[in-house]
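The structure under discussion appears below in the form of structure tokens.
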Amino acid sequence: MEMTNKPQKSPSLPWKTRITLLVLSVVTDASRRSDGTVNRSLLKFVNLKAPPNAKPIKGVKTSDVTVDPSRNLWFRLFVPTTQPPSSSSPLPIIVFFHGGGFIYLSADSNAYDAVCRRYARRLSAVVVSVNYRLAPEHRYPAQYDDGFDVLKFIDENKIPFLPENADLSCCFLAGDSAGANLAHHVAKRASESEFRQLKVIGLVAIQPFFGGEERTESEKRLSQVVSVERTDWMWKAFLPEGDRDHEVINVSGPRAADISRLEKFPATVVVVGGFDALQDWQRKYYDWLKSSGKEAYLLEYPNMVHAFYVFPELPESGQLITQVADFIRKIQASKK
Ligand SMILES: *[C@@H]1O[C@H](CO)[C@@H](O)[C@H](O)[C@H]1NC(C)=O
Ligand SMILES: *[C@@H]1O[C@H](CO)[C@@H](O)[C@H](O)[C@H]1NC(C)=O
């Protein structure tokens, strides 16, 4: 599984995408205060939200499900209504974690509502998009706890109106950027736990957000969307004080957890963009999965920046869904 597009010197993005990225960067930069807090009221202007809709839109109906009101933990459920010809075929469950540096965005953000709707329709899967708590108001490990508690909730069969052919033994964790970091750590916890019905069999890590004290070559060279200045601020808002080489971000470094003994750690696909400053960390992650004896695949998008998948106008965003569909079918078939 490898893309064959020739690499370019700079990313060629349509104007629409460039302008959106510029506006987002300006507003999110302005929202970060030097005292480490975030001006959330300013972000309302760029984080436009979509309501859930019981009437199918583009072949998918949505509803919001509360997991724990005391910490406002909920998820948006996406159920495809256009069944493939063999309508009794089991639907995989994809638990999805949105990106945003652990600080920004939500499961009801317009952009993520649209991303998960596309995934539910094109992958013929039930998608659970987790609205985890955000930093800096809630720091590590709140996000990982929220993600894992959603898995327990699903395992206890608490999702209302889940289609009968939804298959809890065919669960994938997926996420982009900080969401992919989260998906990794929730997958690790899941592989150390016993569930009644739920089986996590695959992990889709789209441009995962990892880092460390060290500055990699790609971090020094690239600053589109993700820059060292921005990620430094984000890690500071998320991690315990002064620990930039924490195992949850320097995930494959010398202090890394040993996952080689975790037999249930799922097959993983890692998606990398050639204009993403984080790519060196992501390749290290892939190498570490392999050297830990795990089934892992690397998908390269040489001409893409960080976050390209949220822009449907980019052909690569559609290609990614096709490749994720191939991965899901392959893993599903190997578990039969
Ligand atoms: C948040 O940003 C807006 C726009 O810049 C500003 O008017 C407002 O005073 C800020 N709020 C706080 C609490 O800092
Ligand atoms: C973080 O990881 C890199 C290798 O990926 C390593 O060079 C560095 O020493 C690590 N830092 C710590 C403290 O683990």
Side-chain angles (χ1 to χ4, degrees), residues 13-52 64 66-76 97-116 129-147 175-182 207 209 211 219 222-244 246 248-249 276-278 305-311 313:
L13 298 172
W15 277 107
K16 187 182 164 197
T17 317
R18 279 174 197 274
I19 291 167
T20 309
L21 283 172
L22 181 68
V23 170
L24 284 176
S25 301
V26 168
V27 177
T28 52
D29 285 351
S31 76
R32 287 195 296 270
R33 301 194 185 100
S34 53
D35 67 356
T37 61
V38 173
N39 183 337
R40 297 249 170 237
S41 49
L42 183 56
L43 291 169
K44 285 195 184 114
F45 298 107
V46 285
N47 188 19
L48 304 176
K49 296 189 175 188
D64 290 346
T66 300
V67 175
D68 179 0
S70 72
R71 56 181 145 152
N72 192 27
L73 176 59
W74 57 273
F75 57 81
R76 179 157 293 180
F97 300 95
H98 69 81
F102 296 107
I103 293 170
Y104 300 111
L105 303 167
S106 52
D108 55 359
S109 299
N110 259 345
Y112 281 105
D113 183 82
V115 164
C116 291
S129 178
V130 180
N131 199 68
Y132 55 86
R133 286 169 291 175
L134 298 175
E137 292 86 347
H138 303 277
R139 288 169 170 265
Y140 161 86
Q143 295 72 15
Y144 302 144
D145 293 342
D146 290 353
D176 65 284
S177 194
N181 173 308
L182 240 163
Q207 299 185 297
F209 187 23
E219 280 177 318
L222 296 164
S223 60
Q224 283 107 351
V225 191
V226 165
S227 65
V228 167
E229 188 238 324
R230 291 183 181 128
T231 54
D232 279 357
W233 198 95
M234 287 170 174
W235 289 130
K236 213 169 156 213
F238 173 70
L239 288 174
E241 196 80 32
D243 195 2
R244 270 288 298 280
H246 200 285
V248 304
I249 78 165
D276 185 352
L278 298 173
V305 294
H306 196 74
F308 72 92
Y309 41 79
V310 300
F311 298 100
E313 67 269 24

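Counting starts at 1 for both ligands and their atoms, following the listed order.
Closest protein heavy atom to atom 4 (C) of ligand 1: Leu42 CD1, 3.7 Å. The protein heavy atom nearest to atom 1 (C) of ligand 1 is Asn39 ND2, 1.5 Å. If you check which protein heavy atom lies closest to atom 12 (C) of ligand 1, you get Arg33 NH2, 3.2 Å.
Less than 4.0 angstrom separates atom 14 (O) of ligand 1 from at least one non-hydrogen atom of the protein. There is no protein heavy atom less than 4.0 angstrom from atom 7 (O) of ligand 1.
Ring centers of Tyr132 and His98: under 6.0 Å apart, within the cut-off. Ring to ring, Tyr140 and Trp235 are not that close: their centroids are 6.0 angstrom or more apart.
Side-chain N/O atoms of Asn39 and Ser41 include a donor and acceptor closer than 3.5 Å. Using a 3.5 Å distance cut-off with no hydrogens or angles, the side chains of Ser31 and Thr28 do not pair a donor with an acceptor. Tyr112 and Asn131 form no side-chain donor-acceptor contact under 3.5 Å, judged by distance and modelled atom types alone.
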